[in-house]
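I have placed the structure first, in the form of C-alpha cells, so that the comments after it can refer back to it.
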Amino acid sequence: MSSSRKRKAPGTVANKAGPSHIPHRTKPQTTSWTRTVFIAIILVTITGTLYYYPISNDDKETPVEERDASIFSVQDIPGKGKGVIAARDIQQGELIIYEKPLFIVPPKISVSPSSLIHSNLQRVDPRDRPAFFNLSYVNLPPEVDPEEDEAEVALAIFQTNAVAAGGGVGIFPRMARLNHGCSSAFNVVYTWREREGALVVHALKGVKKGQELLTTYSTMRQPRAIRRAYLREHYGFECQCQVCSLSDAESKASDARLVAISDLYSRFGTWSEGSINGKQAIDIVKQIWTLGEEEGYFSERGQLAADAAWVAAAHWDAGATREWAEVGLEWYSYELGSDSEPAESMRALMGDPERHHAWGSRERMYV
Ligand SMILES: C[S@@+](CC[C@H](N)C(=O)[O-])C[C@H]1O[C@@H](n2cnc3c(N)ncnc32)[C@H](O)[C@@H]1O
C-alpha cells in the first residue's frame, strides 16, 4: 500500500537514505516495545530516587474515545489477542493516536522492578488502572499464579507493552493494542514527542477500512529467522505477518534486500570519517532508497533524507541540500507529523541551506 503522494528523490536519482553514525539531531522512529529496555533498567540498579511523571490525560480536543472510534476499533484478532482495525480509510501521514503516558519509569532504579511498577500504579488515578490491567502479557514465570501475584502480573504487562519514551520507558494503553508486522507489513509508526510529553502514532502508508494497523517491535534490517527468534523470545509469538509468510524464494529475496540495506547504512556511516566522499555517500542513499522501494519498506526515510541533506550541506551543495530537505520534510511529515520538530527543521533548511550546522565543513562538491 504505497502512497499516492510518494515523490521521487531529488536530482537524477531516484532514492536516498540516512546514516546512524552521523549524530542525529532528532531521532526519527523510536524503537521498541521494550522488554530489552526494561532489562537494561533492571541491570542498572543504581541508587537514586524513584521518579514519577504525573502526566495526566488532559487533551483538550475532541474526547479521546470519540476521536479514536472515528478512526479505529480494538477487536479480537485470531492468533493475536486484540488488535487495532481501521474504521475508515486512513491517509498516509494521518495522526491516528495522540496519547499521554499512564506512567513512565526512569532508566535508573534502586528498587526491584515489580516494586517500581507497583508504586507507579499506586500513583495512577484508580479510574485509569483498569486500562493497565486489561492489557495483555506474555512470559509470566511458570511458577507464578496470576490470581495470587498481582505485582508479577503487573510486571509482565509492563514488559509486554512498555515503549521507549524519551529517557524512560512508558505505558500508553491505547497504542499498546497495536500488533507487530515486519518490513513492508507495518503501516503505522509511533514516536515520542519530548516537547509535548506525548506519544504520537502516524500512518506511514495509506490504510484501507478494515485493515489491521500494525507497528513494528524491532529493527527490520535483519533476516526473517533473526526477526522471528527475537519476537518469539520477547513477545511470545511466531510472526506470521505477510513478510514472514512469503514463500522461501520470496523470503530469501526479502532477507537479501534487508541485509543489503543494513550493509549500505554501515557504508554510508563511513562518510563521517572520510572513507567515502559526498557523491559516494549520496549514491549509497539512493541505493537504500531503491531497495526500500522494492521491499515496500518506507520507514526512516525522513531521517535518511535529512542525513543526505547533511552530506550535501557539508559539501557546500545548496541545491542538493534543499532537494533532500524537501524529501525529508515529506517523509518526516508522514512518519512523525508535519508539525514535528524534524519536519520543522527540514522546512527551515529548505529556506536557507547554509544554516545547516555542517555547512561547508567538507571539500566543495556537487553531490
Ligand atoms: C503490545 S501487545 C499488542 C496487543 C495485544 N495483541 C493485545 O491483545 O493487547 C504485544 C503482544 O501482542 C501479540 N502480538 C503482537 N503482534 C503479533 C503478531 N504479529 N502475531 C501474533 N501475536 C502478536 C503478542 O502476544 C505480543 O506479546
Side-chain angles (χ1 to χ4, degrees), residues 1 29-39 68 71-86 96-97 99 101-105 117 128-142 144 146 152-165 169-192 199-201 204-205 207 210-220 222-246 251 254 296-297 299:
M1 248 170 323
Q29 186 190 2
T30 35
T31 36
S32 46
W33 297 60
T34 49
R35 188 179 171 89
T36 310
V37 174
F38 195 75
I39 287 167
D68 282 2
I71 304 174
F72 63 83
S73 65
V74 174
Q75 300 181 15
D76 291 328
I77 313 276
K80 298 184 182 177
K82 293 196 181 303
V84 181
I85 302 293
I96 296 169
I97 295 175
E99 188 169 17
L102 204 55
F103 61 88
I104 292 181
V105 300
I117 303 309
D128 292 334
R129 280 184 210 146
F132 177 85
F133 282 104
N134 284 338
L135 293 175
S136 69
Y137 60 84
V138 294
N139 294 342
L140 189 70
V144 174
E152 281 299 320
V153 170
L155 178 58
I157 290 175
F158 186 86
Q159 289 174 327
T160 305
N161 294 279
V163 298
V169 186
I171 285 286
F172 303 83
R174 285 154 60 223
M175 69 80 67
R177 294 301 186 181
L178 291 166
N179 287 317
H180 165 91
C182 294
S183 65
S184 61
F186 73 93
N187 47 22
V188 304
V189 168
Y190 63 90
T191 322
W192 171 251
L199 188 122
V200 287
V201 179
L204 179 63
K205 304 173 174 182
V207 181
Q211 281 185 323
E212 184 176 6
L213 302 181
L214 297 170
T215 186
T216 190
Y217 293 1
S218 74
T219 173
M220 280 302 110
Q222 48 192 11
R224 175 170 71 179
I226 294 177
R227 298 194 309 265
R228 276 183 157 170
Y230 173 85
L231 294 165
R232 198 183 304 124
E233 182 184 349
H234 295 281
Y235 295 98
F237 70 94
E238 190 70 17
C239 193
Q240 306 284 358
C241 76
Q242 68 187 46
V243 184
C244 287
S245 304
L246 290 171
S251 179
S254 165
Y297 176 63
S299 188

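The figures that follow rest on heavy atoms only: side chains count, while hydrogens, waters and symmetry mates do not. None of these values were measured; they are calculated from a predicted model. Atoms within each ligand, like the ligands themselves, are counted from 1 in listed order.
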What I'd like to find out is whether the side chain of L140 reaches to under 4.5 Å of the side chain of P146, using heavy atoms alone. yes
Less than 4.5 Å apart, any side-chain heavy atom of C239 and any of R227? no
Which part of Y217 is near ligand 1, with near meaning a heavy atom under 4.0 Å away: side chain, backbone, both or neither? side chain
Who passes side-chain contact (heavy atoms from CB on, under 4.5 Å) against S245, sequence neighbours left out? Q240
Per-atom contacts, ligand 1 versus [X] - under 4.0 Å to a heavy atom:
{"X": "A176", "answer": "1 (C), 2 (S), 3 (C), 4 (C)"}
{"X": "T160", "answer": "1 (C), 10 (C), 27 (O)"}
{"X": "G79", "answer": "21 (C), 22 (N)"}
{"X": "L178", "answer": "3 (C)"}

Will you find, in the side chains of N139 and Q159, an N or O donor that is under 3.5 Å from an N or O acceptor? no
Just to be sure I'm reading this right: ignoring hydrogens, which of S136, A156, G81 gets closest to atom 7 (C) of ligand 1? Compare them by their nearest heavy atoms. S136
For atom 12 (O) of ligand 1, which candidate among N179, I77, N161 provides the closest heavy atom? N179
Please determine whether side-chain contact (heavy atoms from CB on, under 4.5 Å) holds for the pair S254 and L246, giving the CA-CA distance in whole Å, both sets of side-chain angles, and the decisive distance to 0.1 Å. CA-CA 9 Å; S254 165; L246 290 171; 4.1 Å; yes
Sub-3.5 Å N/O-N/O distance, R177 and ligand 1: yes
Indicate yes or no: does an N/O atom of H180 lie under 3.5 Å from an N/O atom of ligand 1? yes
Within less than 4.0 angstrom of ligand 1, does [X] place any heavy atom?
{"X": "L214", "result": "no"}
{"X": "G83", "result": "no"}
{"X": "V138", "result": "yes"}
{"X": "C241", "result": "no"}

Supply the atom-to-atom distance [X] [atom1] to [Y] [atom2], rounded to the nearest 0.5 angstrom.
{"X": "F103", "Y": "I117", "atom1": "CZ", "atom2": "CD1", "answer": "4.5 Å"}
{"X": "R177", "Y": "L135", "atom1": "CZ", "atom2": "CG", "answer": "5.0 Å"}
{"X": "L213", "Y": "I71", "atom1": "CG", "atom2": "CD1", "answer": "9.5 Å"}
{"X": "Y190", "Y": "I97", "atom1": "OH", "atom2": "CD1", "answer": "12.0 Å"}

